[in-house]
Structures are given as C-alpha cells and as structure tokens.
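Worksheet: the structure to be examined is printed underneath.
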Amino acid sequence: MKNYLNRFGNLKPVKSYTMHLEDFIKFVDKTIDELILYAQLHAGKDYADYELEFVWGMYGSQIVDGKENIIYEITDQVFVSPDKIYPCVDLIIEQLTPEKRLRILGHRAGYEPREFGIGWSNRPGPFIYGIGKGILTGLVDTNSPEFRKKLIDMGLLYDKQA
C-alpha cells in the first residue's frame with residue numbers, strides 16, 4: 001500500500017498494481033460505456049444512435065472520431081507503461097453536436113504517472129466523469145438524493161459521506 005495526496009491535499013493509502021496495456025485498453029473501453037451511461041442518466045435520454053467524438057482540452061488538439069479511435073487516443077495519452085499511468089483524467093460529455101454526435105472532452109492533470117489504483121474519484125482507475133451544460137435537459141432532477149443514490153448504486157459516483 002502506498003500513500004498519495006488526494007485532491008484535497010490529504011494523504012490517503014492507495015492499493016495499486018501494475019496494469020498491462022491490453023487490460024488498460026479494455027478498461028478505457030468500459031470507461032467510455034460508463035461515461036455514456038452517466039450522460040444518459042443525467043439527460044434522461046438515450047444516446048445509443050449518437051456517434052462519438054473526442055478532443056483533449058488543450059490548444060491545438062485534433063478531434064478524434066469513433067469509439068475505437070477514442071479508446072486508443074486516451075490510452076496513448078494516459079498509459080505510459082504497466083506501472084506508470086497518469087492518475088487524474090477528467091472525461092466530460094461536453095455537448096451534443098448538430099451532427100448527432102456526443103463530444104467528449106478530456107483533461108489530464110499534471111500529476112506524475114504511477115501504478116494503476118484507486119483514483120481521485122475513489123473508483124478504480126484515473127478517470128473522473130463529468131457532464132457539460134449542453135447535456136442537462138431538465139428531464140431529470142440530478143440534485144435529488146434518489147438520483148445521487150442511483151449513481152452510487154451503479155458505481156458511477158463515489159459516496160464521499162460513507
């Protein structure tokens with residue numbers, strides 16, 4: 001068990017382990033599926049027919065189209081080696097485009113790579129899910145305790161009060 005500073009500046013013990021490239025690619029694939037589910041729950045809409053596009057939130061980033069290409073783009077920027085993975089990466093479903101696409105925005109924090117483990121969201125891995133204003137429809141009360149509990153029960157949100 002190692003100790004790392006969490007995002008609040010506190011030391012916390014983190015179980016970590018090496019993760020091989022093939023396993024990380026599968027993990028990113030699962031993460032994108034969860035992120036889309038997270039957006040669908042927030043919007044109260046089904047996005048199964050939407051294509052995906054991804055862009056890193058830095059100047060000059062190119063848009064990457066298609067889930068498979070997105071998986072490899074994220075992997076290329078987050079996975080360094082089996083024991084060096086960037087630990088804090090925001091993935092935000094930013095908006096729906098007029099072309100019926102879900103745009104995912106990625107931000108990688110400046111922390112040094114480390115072994116795969118529990119991330120800042122207190123879930124396995126480095127990814128933190130987010131929703132842009134363009135996704136919220138008003139169809140779902142995302143501030144209700146019932147909605148929060150649903151996200152926690154589905155493993156999409158960590159309950160900091162537990």
Side-chain angles (χ1 to χ4, degrees), residues 1-42 47-48 50-95 101-132 135 142 147-162:
M1 198 100 65
K2 297 179 181 179
N3 288 322
Y4 292 111
L5 283 177
N6 67 14
R7 64 182 168 184
F8 304 108
N10 302 317
L11 275 179
K12 70 176 190 174
V14 176
K15 260 186 161 174
S16 60
Y17 53 92
T18 58
M19 177 175 266
H20 297 284
L21 179 59
E22 299 79 20
D23 295 326
F24 191 75
I25 290 168
K26 290 176 190 172
F27 184 79
V28 174
D29 185 21
K30 177 180 171 265
T31 295
I32 291 172
D33 290 342
E34 286 182 353
L35 181 63
I36 293 166
L37 175 60
Y38 189 75
Q40 290 177 155
L41 292 170
H42 277 79
Y47 295 128
Y50 283 70
E51 293 294 320
L52 298 177
E53 64 181 41
F54 176 85
V55 66
W56 288 106
M58 59 186 100
Y59 180 75
S61 290
Q62 299 296 315
I63 293 174
V64 177
D65 294 319
K67 185 179 180 189
E68 187 173 344
N69 293 330
I70 293 168
I71 291 167
Y72 287 107
E73 174 66 23
I74 292 170
T75 299
D76 286 348
Q77 296 298 317
V78 178
F79 184 93
V80 178
S81 68
D83 62 343
K84 292 188 179 186
I85 297 169
Y86 284 96
C88 186
V89 180
D90 295 334
L91 295 176
I92 302 155
I93 298 271
E94 187 181 52
Q95 64 187 15
R101 295 171 154 249
L102 283 174
R103 178 170 296 158
I104 302 170
L105 178 65
H107 291 281
R108 189 183 75 194
Y111 299 101
E112 291 296 317
R114 55 190 71 157
E115 289 181 319
F116 186 91
I118 301 299
W120 301 130
S121 63
N122 216 28
R123 288 181 297 112
F127 302 112
I128 301 166
Y129 302 156
I131 298 295
I135 296 298
T142 58
F147 182 76
R148 179 177 170 77
K149 181 178 180 339
K150 183 177 185 174
L151 293 178
I152 292 167
D153 290 347
M154 296 178 83
L156 299 173
L157 182 68
Y158 166 69
D159 186 2
K160 294 182 177 104
Q161 299 166 347

Q: Keeping to residues at least two apart or across chains, list the side chain to side chain donor-acceptor pair (under 3.5 Å) pairs with something in residues 69-79.
A: Trp56-Glu73

**Q.** Within-4.5 Å side-chain heavy-atom neighbours: Val55 and Leu105
**A.** yes

**Q.** Straight-line distance of Thr142 OG1 to His42 NE2, nearest 0.5 Å
**A.** 5.5 Å

Q.
Ignoring hydrogens, what is the shortest heavy-atom contact between Ile128 and Ser121? Give both atom names and the distance.
A. CG1-CB, 4.2 Å

Q.
Between Met154 and Tyr38, is the side-chain contact (heavy atoms from CB on, under 4.5 Å) condition met? List the steps.
A. CA-CA 10 Å; Met154 296 178 83; Tyr38 189 75; over 6 Å; no

Q: State the CD1-OH distance between Ile36 and Tyr129, to the nearest 0.5 angstrom.
A: 10.5 Å

Q) Atom NE2 of His20 and atom OG of Ser81: how far apart are they, to the nearest 0.5 Å? A) 10.5 Å

Q | Greater than 12 external heavy atoms within 6.0 Å of Glu51's CD | A | no

Q | Ile85 CD1 to Glu115 CD distance, which is reported to the nearest 0.5 Å | A | 9.0 Å

Name each donor-acceptor pair under 3.5 Å that joins a side chain in residues 21-31 to protein atoms two or more places apart or in another chain, with its distance.
| from | atom 1 | to | atom 2 | distance (Å) |
| --- | --- | --- | --- | --- |
| Asp29 | OD1 | Lys67 | NZ | 2.6 |
| Lys30 | NZ | Glu34 | OE2 | 3.1 |
| Thr31 | OG1 | Phe27 | O | 2.8 |

Q: Flag the pair Val89 / Ile74 as yes when at least one side-chain heavy-atom distance between them is below 4.5 Å, and no otherwise.
A: no

Q.
Show the nearest heavy-atom pair for residues Val78 and Pro126, with the distance to one decimal.
A. CG1-CG, 4.1 Å

**Q.** Side chain to side chain, Pro82 and Phe116, heavy atoms closer than 4.5 Å
**A.** no

Q) Between Ala39 and Ile135, what is the shortest heavy-atom contact and its length? A) O-CG2, 3.8 Å

Q | From NZ (Lys84) to OH (Tyr86), nearest 0.5 Å | A | 9.5 Å

(Q) Could you check whether any side-chain heavy atom of Leu35 comes within less than 4.5 Å of a side-chain heavy atom of Phe127, counting everything from C-beta outward? (A) no

Q: Could you tell me whether a side-chain N or O of Glu94 sits under 3.5 Å from a main-chain N or O of Gly132, the two making a donor and an acceptor?
A: no

Q | Which atom of Pro113 lies closest to which atom of Pro87, heavy atoms considered | A | CA-CD, 4.3 Å

Q: Check whether any side-chain heavy atom of Ile92 sits under 4.5 Å from a side-chain heavy atom of His107, and report yes or no.
A: yes

Q: Measure the spacing between CZ of Arg123 and CG of Leu157 and express it to the nearest 0.5 Å.
A: 8.0 Å

